[in-house]
Protein chains: 2
Amino acid sequence: MRGRNQQHWQGQFMGCGYRMTKPREEILGVMEKTMDHLSAEDIYLAVHKFYPNIGLTTIYRNLELLVKMELIVKFEFGQGKAKYELADQYSKKEHHHHLVCKKCSRIFDYSDFMEKEVRFLKDTEKGLSKKYDFQITKHLIQFYGYCNKCQKK
Amino acid sequence: MRGRNQQHWQGQFMGCGYRMTKPREEILGVMEKTMDHLSAEDIYLAVHKFYPNIGLTTIYRNLELLVKMELIVKFEFGQGKAKYELADQYSKKEHHHHLVCKKCSRIFDYSDFMEKEVRFLKDTEKGLSKKYDFQITKHLIQFYGYCNKCQKK
DNA sequence: TCCCTTATTGGTAATGGTTTTCATTACTAA
DNA sequence: TTAGTAATGAAAACCATTACCAATAAGGGA
Ligand SMILES: [Mn+2]
Ligand SMILES: [Mn+2]
Ligand SMILES: [Zn+2]
Ligand SMILES: [Zn+2]
């Protein structure tokens with residue numbers, strides 16, 4: 001998958017009646033190159049460097065579209081602005097959850113314990129959707145606290 | 001605990017060098033009487049009914065304080081506005097997690113599977129804090145999807 | 001290749017939840 | 001009382017996100 005994404009994106013867009021545009025290409029380019037969790041503004045600034053005409057509105061609009069197409073994922077970490085990263089299947093990272101530092105606001109990915117977490121989540125989701133007749137589409141697990149650098153030891 | 005909270009709140013405030021004021025009393029009063037997850041504005045409107053001079057600013061300021069004092073808990077459900085509920089130990093509800101309907105935005109509490117979840121969380125937290133040297137203070141588990149009324153069957 | 005249709009863009013203004021500012025009021029301890 | 005400080009409320013500021021709208025450009029057909 002890696003490296004052949006350009007054509008893949010193209011196909012995804014066309015297949016849904018959308019067009020492959022420069023802004024979209026650049027946004028996905030930025031997201032492919034980073035390991036970080038980027039805000040709309042982060043992405044705007046990064047794209048702006050080699051495509052100075054980009055508008056912030058366009059960033060927001062396309063992030064929304066990309067989320068809908070499930071090419072990227074949106075996260076709210078309670079920091080006032082949303083952050084985005086490439087969906088698991090297009091990312092260098094594996095499926096993971098997050099640690100959030102309440103002091104420096106950094107986000108840490110972890111993939112450990114995933115087998116266990118996934119099993120646990122499956123079970124819980126099954127139990128819940130049955131008992132509450134609730135059709136679950138997504139789960140959210142985050143741990144908040146203080147990172148290595150920010151804790152008073 | 002139930003019913004004797006008024007004095008308890010008083011004690012909490014005094015003990016921290018704060019004062020027990022009418023707005024604080026009313027805010028806690030509203031939160032004690034509901035089973036819902038209230039936004040700042042919800043609380044403002046409720047308090048406003050029998051204390052019309054209350055200012056929205058005062059609501060926000062006190063919610064922040066109450067969160068710091070751990071009398072209430074703040075949640076972000078990705079709905080643009082924060083919601084609050086009484087902390088477990090002061091609430092009629094037991095420790096619980098949330099189901100969030102993406103259509104009607106309602107929040108559902110569930111306490112089932114808690115023993116299992118709590119055990120799972122303890123384990124995970126222990127593993128994570130060791131491996132990442134991350135001091136965990138709080139976890140967040142939410143399931144998103146469509147409630148009974150909102151799913152297309 | 002050139003057109004035509006319409007998806008897409010970018011600038012600007014608006015929105016809406018939350019925070020700041022500041023002058024006024026209410027407690028509390030001496 | 002009085003001084004010192006906590007707390008309040010109104011209004012303005014903040015700031016991420018959205019709505020609006022005229023201008024542009026992608027891509028299918030001729
Ligand atoms: Mn991540
Ligand atoms: Mn709840
Ligand atoms: Zn940190
Ligand atoms: Zn619903």
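So that the names make sense, note that chain A is the first sequence line, chain B the second, and so on, each numbered from 1. Values below: every heavy atom of this structure, side chains too, minus hydrogens, waters and symmetry copies.
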Can you check whether any acceptor in the base of D:dA7 is under 3.5 Å from a donor in the side chain of B:Thr58, or vice versa? no

Using a cut-off of 4.0 Å on non-hydrogen atoms, how would the nucleic acid contact of B:Tyr51 be classed: base, sugar-phosphate, or nothing? sugar-phosphate

Does A:Asn62 have a side-chain nitrogen or oxygen under 4.0 Å from the phosphate oxygens OP1 or OP2 of C:dT9? yes

Just so I know, are the side chains of A:Asp109 and A:Met35 near enough to count as touching, which here means a heavy-atom distance under 4.5 Å? no

Over how many whole Å does the gap from B:Leu56 atom CG to C:dT19 atom C1' extend? 11 Å

Within this structure, what is the OH-to-C1' distance between B:Tyr84 and C:dG17, rounded to whole angstrom? 10 Å

Comparing B:Ile59 and B:Gly17 on DNA chain D - which has the more 5′ nearest nucleotide: B:Gly17

For nucleotides 24-30 of chain C, give me one character per nucleotide, 5' to 3': B if any protein heavy atom sits under 4.0 Å from the base, S if the only such contacts are to the sugar-phosphate, - if neither. --BB---

Are B:His97 and A:His139 close enough that their ring centers fall under 6.0 Å? no

Output the rounded distance in Å from NE2 (A:His48) to P (C:dG11). 8 Å

B:Gly80 vs A:Gly55, nearer the 5' end of DNA chain C by closest nucleotide: A:Gly55

Is the Lys NZ or Arg CZ of B:Lys83 less than 6.0 Å from the centre of B:Phe75's six-membered ring, within 45° of the axis? no

Spacing of A:Lys81 atom NZ relative to D:dC14 atom P, expressed in whole Å: 16 Å

In whole angstrom, give the distance that lies between atom CZ of B:Phe13 and atom P of D:dT8. 9 Å

Judged by each residue's nearest nucleotide on DNA chain C, which is more toward the 5′ side, A:Leu65 or B:Glu41? A:Leu65

Of the options C:dT8, C:dT18, D:dT8, whose atoms approach the side-chain atoms of A:Tyr18 most closely? C:dT8

Ring-face cation of A:Lys138 near B:Tyr144 (centre distance under 6.0 Å, axis angle within 45°): yes

Are A:Glu117 and A:His96 close enough that a side-chain donor and a side-chain acceptor fall under 3.5 Å? no

If the cut-off is 4.0 Å, is B:Tyr60 near the phosphate of C:dT18, judged by side-chain N/O to OP1 or OP2? yes

note: B:Tyr44, atom OH; C:dT18, atom C1'; distance rounded to Å ~ 15 Å

With no angle test and no hydrogens, is the base of C:dT12 tied to the side chain of A:Thr57 by a donor-acceptor pair under 3.5 Å? yes

In whole angstroms, how far is the C1' atom of C:dT18 from the CD atom of A:Gln79? 16 Å

Would you check if A:Tyr60 and A:Tyr44 make a side-chain contact, meaning some heavy-atom pair closer than 4.5 Å? no

Mind checking if A:Arg61 touches a base, just sugar-phosphate, or nothing, with heavy atoms under 4.0 Å? base

Within 45 degrees of the axis of the six-membered ring of B:Phe13 and under 6.0 Å from its centre: does B:Arg24 put its NZ or CZ there? yes

Once you round it to whole Å, what is the distance between P of D:dT8 and CG of B:Asn53? 13 Å

Taking the six-membered ring for Trp and the full ring for Phe, Tyr or His, determine whether the centres of A:His98 and A:Phe108 are under 6.0 Å apart. no

